[in-house]
Amino acid sequence: MGLIEQLELYCQPIYQVTTLGEAQPCDYEVLLRKKGGRPLLPQELYATTATTSARQALRQWMLAQLAHFADHQPRLTIDVNIDPWQFHYPDVWDYLAQLRQVGPQINIEITERNESSFDAAANFGRLLARAQNLGFAISLDDVGSGYNSLQAVIDNSTYLSRIKFSLLLFQRRDQQSKLLFARAWQELAASRNLDLVVEGIEDQLLAETLLKQGCHYQQGFYWQRPFPLKKLCGCQNGDCD
């Protein structure tokens, strides 16, 4: 069995929270997983992108999966992750153009990258502008980590609709420090007319405390764990494969 045959798209909802009793999913982050839900190991992820043919095979598979989803759920919004390293490959723009054709409800989320070889902040802005011109709403994931620094947000906020701050990056910090970080990002987002999603919400107390701080977009195991994307299409037993 080839690697692609072992893959499955999962998703995790982002909730818009008015009160703890009034919270609704507003969109769904798409996650690439092995069947059964296990995240890909680094060597498995590399195998999907190591060659042009491997990248094209993975992208065609994803486009087919997402088109199937869009046909069944045209009113639901999904967020597709893009690693900034993919912008080094010219064929990524063909993929994004095809992704845009799948449906208007697809947004893209730029993941963080720690490698310093992804350089040139001015070039990053140009890439974001090009993606925006294709019609995508763009989120920046894990702000404050890797390449998605405070300066990157400030320099490129005009191209963004949303930033995401993950509490999972601060697991060794005490609760009060986490809340202070979240508040700082919330204030920056508001000053730049951006939405802020706080990720890594794992208990009711944290969800409620963040809500009192004005953090109305939340994601994490407290709200819902990742699940197969096909379930949003009403497929339970693989009959949509």
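On a predicted model such as this, the values are computed, not experimentally measured, just so you know.
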same_hphob_cluster([X], [Y]) at 4.5 Å side-chain heavy-atom cutoff:
X	Y	value
L134	F124	yes
L150	L196	yes
L99	I4	yes
L31	W223	no

Can you confirm whether more than 12 heavy atoms, excluding those of [X], are under 6.0 Å from its [atom1] atom?
X	atom1	value
Y46	OH	no
R183	CZ	no
Q24	CD	no

Closest approach of [X] and [Y], non-hydrogen atoms and distance?
X	Y	value
P13	F227	CD-CE2, 4.0 Å
T77	C26	CB-O, 4.1 Å
L96	F87	CD1-CE2, 4.2 Å
G135	R100	O-NH1, 2.8 Å
I163	L160	CG2-CD1, 4.1 Å
P74	D71	CD-O, 4.0 Å

Under 3.5 Å, side chain of [X] to main-chain N/O of [Y], donor-acceptor pair present?
X	Y	answer
S161	I138	yes
K35	E5	yes
N148	D141	yes
Q218	A207	yes
E22	T19	no
T209	L206	no
Y222	I201	no
Q224	Q12	no

Run L232 and C11 through side chain to side chain contact (heavy atoms under 4.5 Å, CB included) and show every step you take. CA-CA 9 Å; L232 288 176; C11 64; 3.9 Å; yes

State, yes or no, whether a side-chain contact exists between [X] and [Y] at a heavy-atom distance under 4.5 Å.
X	Y	answer
P104	F136	no
K164	I14	yes
E8	Y10	yes
L58	L7	yes
R55	Q86	no
E202	L167	no
L128	T158	no
Y217	D27	no

Please report the interatomic distance [atom1]([X]) to [atom2]([Y]), rounded to the nearest 0.5 Å.
X	Y	atom1	atom2	value
I110	D79	CD1	CG	11.0 Å
L205	L210	CG	CG	9.5 Å
L194	S139	CG	OG	9.5 Å
S177	Q175	OG	CD	9.5 Å
Q204	L20	CD	CG	5.5 Å
I78	E109	CD1	CD	12.0 Å

Pair R192-V153, side chain to side chain contact (heavy atoms under 4.5 Å, CB included): steps then yes or no: CA-CA 9 Å; R192 300 275 166 167; V153 174; 5.5 Å; no

Would you check, one step at a time, whether the test side chain to side chain contact (heavy atoms under 4.5 Å, CB included) holds for L211 with T18? CA-CA 8 Å; L211 181 61; T18 304; over 6 Å; no

Flag for [Y]-[X]: side-chain donor and acceptor within less than 3.5 Å:
X	Y	answer
E29	Q219	yes
Q105	Q73	no
R126	N123	yes

Evaluate R59 against D94 for salt bridge (charged side-chain N to carboxylate O under 4.0 Å, His left out), listing each step before the verdict. CA-CA 10 Å; R59 289 167 180 171; D94 293 331; over 6 Å; no

Among V197, D142, V143, L140, which residue satisfies the side-chain contact (heavy atoms from CB on, under 4.5 Å) criterion with F165?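 Result for side-chain contact (heavy atoms from CB on, under 4.5 Å) with F165: V143.
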
Should the pair R173 and F181 be classed as cation-pi, given the thresholds of under 6.0 Å to the six-membered ring centre and 45° from the axis?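 So R173 doesn't make the cation-pi contact.
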
Step by step, work out the side chain to side chain contact (heavy atoms under 4.5 Å, CB included) result for F69 and L9. CA-CA 11 Å; F69 168 84; L9 292 184; over 6 Å; no

